[in-house]
2 protein chains.
Amino acid sequence: MKLNTTSQYAIRIVTFIVQNGANNKYTAKDISEKLSIPYKYMTKIMTLLVDGGIISSSRGREGGYSIEKELAIIKIGDILEAVKENLHQEKCVIGNGSCNKREKCILHDKWITAKKAMQEIFENTTLEDMIIR
Amino acid sequence: MKLNTTSQYAIRIVTFIVQNGANNKYTAKDISEKLSIPYKYMTKIMTLLVDGGIISSSRGREGGYSIEKELAIIKIGDILEAVKENLHQEKCVIGNGSCNKREKCILHDKWITAKKAMQEIFENTTLEDMIIR
DNA sequence: TTCAAACACTACTTAAAGGTAGAATTTAAA
DNA sequence: TTTAAATTCTACCTTTAAGTAGTGTTTGAA
Ligand code: SF4
Ligand code: SF4
């Protein structure tokens, strides 16, 4: 029961930047060393985050990554979307497709509760919320 | 955010048997057709469930699978354990290893809530609970 | 006692995720 | 204007999960 590695890395990377000052510039080398994420793998993820509008990058000497958007408008879910984690899985883990509005198993309500709790995190937590002061 | 395919199949298989009468015998062919799970893949999972003590099997003509244990003592978590799903992941998805009792991020309490809800399902739901009457 | 119907075992193939390598491009300091 | 430091692009390798194939073993009805 887990997010895939890419998603976990993505969250850690963004969190790291937010925590250390979102507007500062961080090089790929710096981030990969600090977070112990393989350099090449990390840069691949960075490109996804840049394409997804989460992170802004500047190339060349003195270049690096930063976050220029308002932290309050970027949500955890946006990060996951940028790295293509499938957030809105329709079928429940137990679902065989045969259950519906009328017939549901006893797990249903419990399951929905757990699912909601997860999605609440992804959809309502912004980067602003994640700063430890 | 999901259980792996093997685990999902396992839950569906056991649920199917429970739902249609746990003490009856079901052949691999029957189950794989009814649930649309590849035959060979399914039998592999069945062996895990048999080894894990969830399912009992009888070979030969008139053989098949059934559940002879008390349904009330088998938990969803037991099924997942039998197919080797990693249930007790220590690190949280955001965790970088640096957080601890004293320092925790704002997500922590929400995260623990969601995690607990999941584990509650796995550890407290028995097969008995899953019967739709 | 035969033999077909069932599960079990071993080994392989395919697909997807995770990870690596190297060259191309961009940039600004020297 | 050179050059080193940075991101980006394309292609490949490795590992793990998912799925397939074939053979062996067990069992009970005929
Ligand atoms: S009733 Fe709800 S919990 Fe049960 S299998 Fe269907 S979707 Fe899943
Ligand atoms: S404080 Fe809690 S939620 Fe935040 S990273 Fe650490 S374990 Fe995860």
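Below, all heavy atoms of this structure are taken into account, side chains as well, without hydrogens, waters or symmetry copies.
For A:Lys40 against C:dG22, a side-chain-to-base donor-acceptor contact under 3.5 Å is present.
Closest approach of B:Ile54 and B:Ala82 over heavy atoms only: CG1-CB, 4.1 Å.
Here the OH-CD1 distance, from B:Tyr9 to B:Ile31, works out to 14.0 Å after rounding to the nearest 0.5 Å. Note that OG of A:Ser57 and CE of A:Met46 are 8.5 Å apart. Values are rounded to the nearest 0.5 Å. Summarising the geometry, atom CD belonging to A:Glu85 is positioned 4.5 Å from atom CG belonging to A:Asn4; distances are rounded to the nearest 0.5 Å. Here CG of B:Leu49 is found 13.5 Å from NZ of B:Lys44. Values are rounded to the nearest 0.5 Å.
Distance, A:Lys84 NZ to C:dA16 P: 16 Å, rounded to whole Å. Atom P of nucleotide C:dT20 and atom NZ of A:Lys29 are separated by 17 Å, given to the nearest angstrom. The nearest whole Å value for the distance from the OH atom in B:Tyr39 to the C1' atom in D:dA21 is 12 Å. Following rounding to the nearest Å, B:Gln8 (CD) and D:dG19 (P) show an atom-to-atom distance of 11 Å. Here the C1' atom of nucleotide D:dA29 and the NZ atom of B:Lys25 are 13 Å apart, to the nearest Å. Rounded to a whole Å, the CD1 atom of A:Ile45 is 12 Å from the P atom of C:dT20. For A:Tyr26 and D:dT7, the OH to P distance is 14 Å, given to the nearest whole Å. Counting to the nearest Å, the P atom of D:dA18 and the CG atom of B:Leu3 are 11 Å from each other.
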Are there any protein N/O atoms within less than 3.5 Å of an N/O atom in nucleotides 10-15 of chain C, and if so, which ones and at what distance?
none

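For the pair B:Tyr41 and D:dA17, the criterion of a side-chain N or O lying under 4.0 Å from OP1 or OP2 is not met.
The closest side-chain donor-acceptor pair between A:Tyr41 and A:Ser32, if any, does not fall under 3.5 angstrom.
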Determine all donor-acceptor pairs shorter than 3.5 Å in which one atom belongs to a side chain in residues 65-75 of chain A; sequence neighbours excluded.
residue : atom : partner : partner atom : Å
A:Ser66 : OG   : A:Ser56 : OG           : 3.4
A:Lys69 : NZ   : A:Gly53 : O            : 3.4

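Residue contacts for A:Thr5: at a heavy-atom cut-off of 4.0 Å it reaches the sugar-phosphate backbone alone, with no base atom in range.
The closest donor-acceptor contact from the side chain of B:Thr15 to the backbone of B:Ile11 lies under 3.5 Å. In this structure a side-chain-to-backbone donor-acceptor pair under 3.5 Å is present from A:Thr125 to A:Ile121.
Closest approach to the A:Ala28 side chain among D:dT7, D:dT20, C:dG18 is made by D:dT7 (side chain taken as heavy atoms from C-beta onward).
Contacts between residues 46-66 of chain B and DNA chain D, defined by a heavy-atom separation below 4.0 Å, involve B:Arg59, B:Gly60, B:Arg61, listed by number.
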